[in-house]
Amino acid sequence: MQIDQLPPLHDVISTHSLNAKKSLGQNFLLDLNLTAKIARLAGDLEGYDVLEVGPGPGGLTRGLLASGARRVIALEKDPRCIPALNEIAEVYPGQLDIFNADALDFDVRSHLTVPIRIVANLPYNVGTALLIRWLTPKDWPPFWSTLTLMFQKEVAERIIATPGSKSYGRLAILAQWKSNPKIMMELPPEAFTPPPKVHSAVVHFDALPEPRFPAPAGLLTSTVAMAFNQRRKMLRSSLKSASPNIENVLRDAGIEPTARAEEISLEGFCALARGLAS
Ligand code: SAM
């Protein structure tokens with residue numbers, strides 16, 4: 001199936017000499033059926049501005065435009081990809097804005113109009129940093145409605161992990177406090193060119209209208225960090241410096257002082273952060 005009149009991605013790669021650079025986390029998706037499928041996982045794109053980070057040769061970009069996105073704003077750090085992306089912009093006049101920029105430094109907000117979805121096959125080396133940034137804006141709800149992002153499978157598992165599992169930690173608590181993360185699709189290394197060493201997964205996040213349980217954000221973050229930095233220790237010991245009465249604060253939050261971080265639910269950590277605040 002062809003989703004537009006543009007050349008196949010293998011040809012785009014060779015025409016523009018886009019040999020993949022490891023330093024930029026370049027593992028390209030060249031199957032347009034797959035990129036169209038990932039675009040569909042983001043939900044209905046009609047009437048949405050879509051922010052795409054790291055479009056590379058533009059496979060996912062083409063899927064997003066073919067799925068009816070009102071506009072795609074694409075941030076790509078590698079200048080070699082820009083001519084290939086410009087060819088897509090010619091086929092979708094006025095719908096694709098391309099910026100040769102580092103997504104970690106670029107303030108994209110002024111280029112986007114709500115409602116906004118963020119969709120990306122992220123470079124693995126910046127994926128978690130961008131996710132944390134999108135989950136911790138100054139105000140909530142955030143500027144985006146949904147995130148649909150490719151991660152290493154191990155990171156995807158940390159995002160959706162529940163108490164008691166080895167993957168449960170800071171990322172699960174932050175993501176689940178603010179959104180409803182779900183793994184939508186898993187991809188083997190062979191889906192990418194060149195294949196990475198690990199499996200990947202697409203995670204979809206719906207922003208909650210407000211955080212799932214009330215809690216002061218700063219204290220929740222610092223308490224969770226302290227608890228998981230010494231995840232094998234009992235909380236009365238790992239959180240000793242948080243309060244001189246930590247045992248009482250833990251009990252008032254419904255938590256046994258001898259419990260360990262990985263046993264505590266998101267609701268428990270929120271109650272604990274509220275207790276520490278008062
Ligand atoms: N979306 C394309 C696809 O699915 O084939 C490419 C995905 S590849 C995993 C990641 C892309 O992100 C590369 O094109 C890379 O150049 C770009 N990139 C890496 N670091 C970036 C950054 N800090 N800001 C913007 N783009 C970046």
Side-chain angles (χ1 to χ4, degrees), residues 6-39 41-42 50-64 72-89 96 98-106 108 118-135 147-160 167 169-171 175 183-205:
L6 288 154
L9 285 161
H10 279 106
D11 296 357
V12 174
I13 297 275
S14 57
T15 310
H16 296 281
S17 307
L18 298 178
N19 54 310
K21 284 193 182 168
K22 212 170 174 183
S23 60
L24 286 169
Q26 292 183 335
N27 301 101
F28 300 132
L29 290 170
L30 302 185
D31 175 349
L32 288 167
N33 289 320
L34 185 56
T35 58
K37 195 167 166 191
I38 295 170
L41 294 178
V50 177
L51 169 63
E52 186 190 2
V53 176
L60 183 54
T61 320
R62 286 161 66 170
L64 296 167
V72 174
I73 289 78
L75 305 183
E76 174 54 60
K77 190 171 173 183
D78 186 348
R80 298 177 309 157
C81 298
I82 306 303
L85 295 166
N86 282 335
E87 287 173 6
I88 305 174
L96 174 58
I98 304 151
F99 295 93
N100 183 198
D102 184 331
L104 292 168
D105 298 335
F106 190 78
V108 79
I118 301 181
V119 185
N121 174 13
L122 289 171
Y124 290 145
N125 48 358
V126 293
T128 315
L130 283 173
L131 173 65
I132 290 173
R133 186 179 296 187
W134 289 328
L135 288 171
L147 309 173
T148 308
L149 308 173
M150 182 87 72
F151 291 100
Q152 300 180 46
K153 191 172 162 213
E154 175 265 327
V155 174
E157 280 166 355
R158 284 202 275 132
I159 291 167
I160 62 147
S167 310
R170 300 161 70 168
L171 205 50
I183 292 186
M184 309 294 282
M185 185 198 268
E186 294 187 11
L187 289 96
E190 312 80 74
F192 301 84
T193 305
K197 288 204 172 66
V198 294
H199 284 249
S200 301
V202 177
V203 186
H204 182 82
F205 307 71

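All residue numbers refer to positions in the sequence shown, counting from 1.
Using a 4.5 Å cut-off on side-chain heavy atoms (C-beta onward), Ile38 and Leu29 make contact. Put simply, the side chain of Met185 reaches to within 4.5 Å of the side chain of Leu34, judged on heavy atoms. Taking 4.5 Å as the limit, every side-chain heavy atom of Pro195 sits out of range of all side-chain heavy atoms of Glu190. Within the 4.5 Å cutoff, side-chain heavy atoms of Asp102 are placed close to those of Lys77.
Distance check: Ile159 CD1 to Thr128 OG1 gives 7.0 Å after rounding to the nearest 0.5 Å. In this structure, OG1 on Thr193 lies 9.5 Å from CG on Asp31, to the nearest 0.5 angstrom. Between the CZ atom of Arg62 and the CD1 atom of Ile88 there is a distance of 6.0 Å, given to the nearest 0.5 Å. The structure places CG of Leu149 at 9.5 Å from NE2 of His204, a figure rounded to the nearest 0.5 Å. Taken to the nearest 0.5 Å, the CG atom of Asn27 stands 10.0 Å off from the NZ atom of Lys197.
Arg170 is linked by a side chain to side chain contact (heavy atoms under 4.5 Å, CB included) to Val224, Ala225, Phe228, Asn229, counting only residues two or more places apart in sequence or in another chain. Remark: Lys153 pairs with Glu157, Glu186 by the salt bridge (Lys or Arg N to Asp or Glu O under 4.0 Å) rule, at least two apart or across chains.
In terms of heavy atoms, Leu18 sits closest to Ala84 at CD1-CB, 4.4 Å.
Tested against Val119, the residues Leu147, Val202, Leu60 include a single side-chain contact (heavy atoms from CB on, under 4.5 Å) partner, Leu60.
For Gln26 (side chain) and Lys21 (main-chain N/O), a donor-acceptor pair under 3.5 Å exists by modelled atom type.
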